[in-house]
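Below is one structure, written out as structure tokens, with a few remarks after it.
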Amino acid sequence: MLPADLVFTNHVLMGGPVGAASGAPFRVKVHGSELEYSMRGRPELGEWARETLRARTRPTLAPSTFAEVLADVVGHTERVFNVPPGVDIDRFVLQDRGAALEDLLAEARKDPPNGGDERLPDDGNAQRLAAFLDGLGPLVVYFGKLIEEKGVQVLLEAMRGIDARLVVVGFGPYRSTLESLAPSRTLSRGRSNTVISALLPLADVTVVPSISPRRSEWSRPRLPPPGRPRSSPGTRDSRRFAAGLEEEYPERFRHLAFLRDRDAADLARKLNEVLALSPAEHDVLRQSARQAVGDRWSWASIARRLLAPV
């Protein structure tokens with residue numbers, strides 16, 4: 001496909017060496033998973049990445065948290081730019097709840113057989129969702145990786161004092177532990193990327209409860225799609241996200257953007273406060289959140305940032 005004005009590669013390894021071998025101008029998007037799970041503790045990989053990035057001195061793009069990990073694992077790298085992930089705001093739009101539920105169940109019925117693979121949706125999700133979402137009461141949603149750093153255990157503790165249902169969507173090594181901690185009126189549905197856009201219109205609030213690392217823990221907070229009020233604590237990138245929400249929220253609601261790290265009582269108070277809002281107040285928060293994401297993290301705005309350091 002060459003010649004090209006720019007080759008955009010993912011991952012320091014193997015994206016960096018591939019970009020360098022192309023002979024074209026290139027840049028590399030860093031991911032925390034490669035640094036922490038594949039490269040850390042393997043000095044030969046760190047050296048290979050270091051030689052590649054230094055030899056070509058092209059821009060390297062990383063969320064702020066991973067820029068620090070990149071320096072730790074690979075060494076100092078010139079021209080590292082902070083570019084977070086983005087979201088397709090045209091895919092995530094509000095729907096009538098009835099239509100959203102119909103779409104959600106239709107997508108869930110298309111799920112392939114699980115066969116014991118945690119990376120696939122659970123068997124019988126359509127039936128479980130239909131029964132669970134047929135109930136009454138507010139709905140809280142979490143979606144993301146099920147690892148300790150995501151803080152879902154804090155959310156589960158907070159939900160014990162809240163009259164609401166909770167849907168947890170995700171997979172990971174912490175799932176069985178979380179399921180043992182879950183209060184009643186909690187549905188854990190395993191991995192599913194296809195139904196999130198239909199699930200969120202059913203939610204009264206989504207929560208990003210990521211907790212700050214205490215050691216050299218890795219945490220990758222995920223930017224939720226716009227459309228529902230949400231709150232976020234602990235990691236640097238999630239704090240950046242929460243700060244963006246805070247800037248857009250009306251002043252009387254700005255305290256709802258941040259959570260105290262690992263504080264289930266604070267989360268419970270703020271969830272109860274959001275759930276008690278009037279429909280008009282809820283709409284103000286929802287529209288403010290969408291405005292924040294559209295201005296800062298839409299694919300269009302992220303694309304401009306990716307292409308900026310030419």
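For the numbers below, each heavy atom of this structure counts, side chains included, while hydrogens, waters and symmetry mates do not.
Taking CG of L256 as the start and CD of E246 as the end, the distance is 10.5 Å to the nearest 0.5 Å. Here the straight-line distance linking atom NZ of K270 with atom CZ of R260 works out to 6.5 Å at 0.5 Å rounding. Atoms CZ and CG, from R97 and L104 in turn, are 12.5 Å apart once rounded to the nearest 0.5 Å. Atoms CG and OG1, from L139 and T206 in turn, are 10.5 Å apart once rounded to the nearest 0.5 Å. To the nearest 0.5 angstrom, I162 atom CD1 is 11.0 Å from R269 atom CZ. To the nearest 0.5 Å, atoms CZ (R262) and CG (L267) are separated by 14.0 Å.
The backbone N or O of P121 sits less than 3.5 Å from a side-chain atom of N114, completing a donor-acceptor pair. Side-chain atoms of D204 never come within 3.5 Å of backbone atoms of V140 as a donor-acceptor pair (strictly under, hydrogens ignored). T186 places no side-chain N or O within donor-acceptor distance of the main-chain N or O of L166, the cut-off being under 3.5 Å. A donor-acceptor pair under 3.5 Å is formed between the side chain of N272 and the backbone N or O of A268. No donor-acceptor distance shorter than 3.5 angstrom exists from the side chain of R185 to the backbone of M159, with no hydrogens or angles considered. A donor-acceptor pair under 3.5 Å is absent between the side-chain atoms of R40 and the main chain of L35, judged by distance alone. Although no hydrogens or angles enter the test, the distance criterion places no donor-acceptor pair under 3.5 Å between the side chain of R296 and the main chain of L245. Side chain of R290 to main chain of V93: no donor-acceptor pair is present (N/O by atom type, distance under 3.5 Å, no hydrogens or angles). Listed for the Q153 side chain is a donor-acceptor partner under 3.5 Å among the backbone atoms of E148. Between the side chain of R27 and the main chain of L306, a donor-acceptor pair closer than 3.5 Å is present.
With a 4.5 Å cut-off on side-chain heavy atoms, I196 and F92 count as touching. In this structure the side chain of P183 reaches within 4.5 angstrom of the side chain of L156, judged on heavy atoms. You'll find the side chain of V18 stays beyond 4.5 Å of the side chain of S22, heavy atoms only. Using a 4.5 Å heavy-atom cutoff, the side chains of R128 and D122 are in contact. At least one side-chain heavy atom of V168 sits less than 4.5 Å from a side-chain heavy atom of Y142. The closest side-chain heavy-atom distance from H31 to Y37 is not below 4.5 Å. Looking only at side-chain heavy atoms (C-beta outward), F132 and R189 stay at 4.5 Å or farther from each other.
Scanning for side chain to side chain donor-acceptor pair (under 3.5 Å) contacts around Q287 gives an empty result, with sequence neighbours left out.
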Exercise. Under the salt bridge (charged side-chain N to carboxylate O under 4.0 Å, His left out) criterion, do E107 and K110 qualify, and how do the steps go?
Worked result: CA-CA 5 Å; E107 287 295 324; K110 299 176 186 176; 3.4 Å; yes

Problem set entry | Working for side-chain contact (heavy atoms from CB on, under 4.5 Å), residues V152 and L181 | CA-CA 10 Å; V152 184; L181 299 173; over 6 Å; no

Exercise. Where do L271 and L155 land on the side-chain contact (heavy atoms from CB on, under 4.5 Å) test, with the steps shown first?
Worked result: CA-CA 10 Å; L271 275 175; L155 173 59; 4.0 Å; yes

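Remark: R42 CZ is loosely packed, at most 12 non-hydrogen atoms of other residues, nucleotides or ligands lying under 6.0 Å away. Counting non-hydrogen atoms of neighbouring residues, nucleotides and ligands closer than 6.0 angstrom, the CD atom of E47 exceeds 12 such neighbours. Under a cut-off of 6.0 angstrom, the local environment of CD in E251 is sparse, with at most 12 non-hydrogen atoms contributed by other residues, nucleotides or ligands.
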